[in-house]
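Everything below concerns the one structure shown next.
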Amino acid sequence: MTLRSYVIGRVLLTIPMILLLLTLVFVIVRILPGDPVLVHFEKQATPAMIEEMRRQLGLNKPLEQQYVDYLLGLLHGDLGRSMADFSSVSQQIFTAFPATLELSIYSMTIAVLLGVFLGARASRSYNSVEDHSIRIFGIASYAIPVFFLGMVFQLIFAIDLHLFPTGGRVSLGMIPLGLSIGGFHLSTGLYTVDSLLEGNLAKFLGAFHYLFLPSLTLGIVLSGIFVRLTRSNMIETLRLDFVTAARARGLSERAVLYGYALRNAFLPILTMMGLQFAALLAGAILTETTFSWPGLGRYLVDRIAFRDYTAIQGAIVFFGLLVALVSLVVDILYAYFDPRIRF
Amino acid sequence: MQGILIIVILLAVAALGIYFTTPTPPPATTTALTTALTTAPKFKDTLIVGTTDSVQSSIDPSDAYDFFAWGVIQSLGSPLIDIVPGSAAGPKDLAPALAESWSVSSDGLAWTFNLRQGVKFSDGGEFTAEDVKYSFERGMKIANPDGAFVGIGYDSIIGSIDVVSKYQVRFNLKYSNAFFGQLMAAAPSYIVNPRYAPMQYFRINYTEGNARASSPMDLGPYVLTSWTRVGGKDQEMKWEANPNYWNAAAGIPRTKHIVMRFYSDATALALATEAGEVDLAYRQLAPVDIQRFQQKPELKVWKGAGPGIRYLVFQHSIKPLDDPRVRRAIAAAIDRKPMTDVVLLGQATPLYSMIPNGMAYHSDVFKKLGDANYDLAKSLLAEVGYSESKKLTLDLWYESSGHYQSSPEIANVMKSSLEKTGVIQVNLHGVDWPTYRNNLRAESMALFVMGWYPDYVDSDNYLFPFVHSSGGSWLHYNYKNPEMDSLVEQQRAVSDPVKRAELMTSIQDLMTEDAPLVPLFQSFEWAVSNPNVDGVVLDVSMIFRYYLPFAKEQ
């Protein structure tokens, strides 16, 4: 099979997967007990008001019709209007997503750096006290709920030491504007990037200041799996002949470890980064709530309480598409790097 | 080598920390902002308020129907009549605002307001009687099914509005209305700026990057200067003192700038309060945090009578709850003290009438049935045929998703006090809020607990929506007593306060006879601030007056 036909086949496979996801989400939010119209009216509501609201939200139509409308809307990139406040769901998702993306990028970076560094160290000092301590750290960080670690960090770094804020994304008036040259305007929604584009170091440090605790929390929780993976891969690799050969040539232990062994053990770690993407988004939901981080995770949690069908569907479909896209890219990259996968 | 690397990283983190902590001691943000904005040496110019609330959809009176949006409307706008801060919101507690004076015709059907002259909108236009007419007609014409104009039923109260002269406006009511003054002080009755609130729009929506276009309000103590929402939730909001405010000469607002910071939940807000990130925290703090803060000298805890109540509802269509003796027995057996003292840590007070403590016409009528009055409960149930060998089995439902604070614990306390009678057995059912609402409409819950915040601050808003058969239809609990209906209608229409007080007594007495529902407790309102903050007023009016607090320079 050529790489091209593999990619085409893989892309085609994604379509039924996404369709299945869309259908499941559509059905599940409607099976959940609770009616968005009733949640809407906290207080008095006459049957006429309820009927009117149902009509406005399109909930009076038969379910099949709602399903078709929903799919047709999606084809146009329209996720519908929120059932809680009638705003465009696509727009709400696009305003909330950059915060989640920024948190994810930094968390993943911390997780990989920390995980690989500790895993490599553990493999070098196999079966020593250091190795055991790092393994315990790996297990513990994997087991600790992210909101618990988040609160512990808030207590230590925000309340006792006053080093970092307890939550939020930016201090007042410090939202970076991005790049503006004449009529051209570019902003990514990632505050650390936008502040650099604007050329404002104070805003960059401000954004980083708020980003630090949440991304450290999520990074540590995600690092456990990388510690274990790096360690076990490195231990195996270090036993291989080419490592012995490298040592025999008199290379320094450091060069052997990082230049030879780690490079070879890195491919599974790359795979894991792709696989961990879904875990990262799940972790982001809890981290965002703990740190009042205005991202997509918090948006989803808020909207579930309102039974805001369109918003829940929108957010889950968006998450789903993202995960599908990332795994598609990982698979294609893999096929590119390792031809065995294609056959 | 690696050891050195670790040390370098640790040093870098520490250096970063030192960078952010030096030289300003906490609260860093407050001090920095104040230094930038200071003009008066005595009071701080900026107050940072933390909250877990968020505007639900908009700050347009035609649409907004949530606590925080109303607070914003009441800070950016002005009503014709205001409620005196710290009062019981009775007939004598109404204060002139945009109306300097008003008069009511002898039949109570015409309310004439004499408007303040020379009041300016932010765009320079003068405020006149036309603007009053416009504001109310707009709300009633848009008739947003989701908004308070429809929810409260303005068009069932107001017949027409006449502009008598430039500074005089008359409301012709459909029936004589005892609480019309209080209704004029409610957030939907705040005057909008017609230039920013066109009639053809369903509501004025949040517009990114344009605070002026996001708000139809004007004439209030503050002007909205910036507002950022992400994913339909507030992220940042800033208000600045309105230079044109009609009451500016009285030194209102006391703080020039209000900055709102938004937190995801009570824990996050409590942590931020403790870390000194906010000057004032208002809504929602958990009881356990408030109790902790009360012991901390570096924080000041503010407490006031709140308008929020919790009550137990009987589904009258489920037997034997159609029998008043059974309902009275349950009302007598309930023990309120453990709810307020143990579960809510003293942050609520037992309530013995649907009308809350601190509000005009309140009377502790349910004390007649008592608390944990097991003897009365047993004898009433014995009349109906229940005994220790033939127990009354009840299904008690509660909301378990945090919509009401500590609901599961409250339900547990209720179960235990009812079971202490020895003749009642309670099965508890907890469901999340959306399911709860569904069940309520399906009339499937025998006993269930609900909460209430008023739409307008008058005792009527604690009676008509509950014990009147049409007003209470939204509760789907099938209570109908023609005598009660008639009494409630009379108190709504009577203009003589003495006559109204008599009617209120009869209604509350009849309520203990019938026990259609049982008042449980009333929550206090809480705010927590830095010790240098003063002037916070928390009262039964449900209006948080952001224009009153101020902070002394430390």
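Fair warning: this is a prediction, and the values are worked out from it, not measured in the lab. Excluded from the calculations below are hydrogen atoms, water molecules and symmetry mates; all remaining heavy atoms, backbone and side chain alike, are included. Below, chain A is the first sequence line, B the second, and so on; all start at residue 1.
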Only pairs under 3.5 Å count here: list side-chain donor-acceptor contacts from residues 148-158 of chain A, not counting sequence neighbours, and write none if there are none.
unit_1, atom_1, unit_2, atom_2, d
A/Q154, NE2, A/T166, O, 2.8
A/Q154, NE2, A/T290, O, 3.1

Please classify the contact between [X] and chain A as side chain, backbone, both or neither, with a heavy-atom cut-off of under 4.5 Å.
{"X": "B/Q235", "result": "side chain"}
{"X": "B/D432", "result": "side chain"}
{"X": "B/F262", "result": "backbone"}
{"X": "B/S470", "result": "neither"}
{"X": "B/T267", "result": "side chain"}

Is it the case that [X] and [Y] place a side-chain donor and acceptor less than 3.5 Å from each other?
{"X": "B/N205", "Y": "B/Y201", "answer": "no"}
{"X": "B/S62", "Y": "B/N144", "answer": "no"}
{"X": "A/E288", "Y": "A/T100", "answer": "yes"}
{"X": "A/R303", "Y": "A/Q313", "answer": "no"}

Surrounding CZ of A/F94 (heavy atoms of other residues, nucleotides or ligands, distance under 6.0 Å), is the total greater than 12?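 Result for CZ/A/F94: open.
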
Is it the case that over 12 heavy atoms from other parts of the model lie below 6.0 angstrom from the CD atom of B/Q284?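 More than 12 heavy atoms, drawn from other residues, nucleotides or ligands, come within 6.0 Å of this atom.
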
Looking at chain B, which one of A/P165, A/G167, A/G168 has the largest number of heavy-atom pairs inside 4.5 Å, strictly under?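 Of the options given, most contacts go to A/P165.
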
Which atoms of A/V89 come close to chain B, meaning under 4.5 Å heavy atom to heavy atom: side chain ones, backbone ones, both, or neither?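 No part of A/V89 comes within 4.5 Å of chain B.
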
Quick one: what part of A/L296 sits under 4.5 Å from any heavy atom of chain B, side chain, backbone, both or neither?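 For A/L296, neither part sits under 4.5 Å from chain B.
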
Best-contacting candidate, [options], against chain A by heavy atom pairs under 4.5 angstrom:
{"options": "B/M237, B/R441, B/R229, B/E208", "answer": "B/R441"}
{"options": "B/G153, B/G231, B/S57", "answer": "B/G231"}
{"options": "B/L269, B/V230, B/T52", "answer": "B/V230"}

Pairing residues for B/K233 by the side chain to side chain contact (heavy atoms under 4.5 Å, CB included) criterion, not counting sequence neighbours: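 B/K233: side chain to side chain contact (heavy atoms under 4.5 Å, CB included) contacts with A/R298, A/D302, B/S54.
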
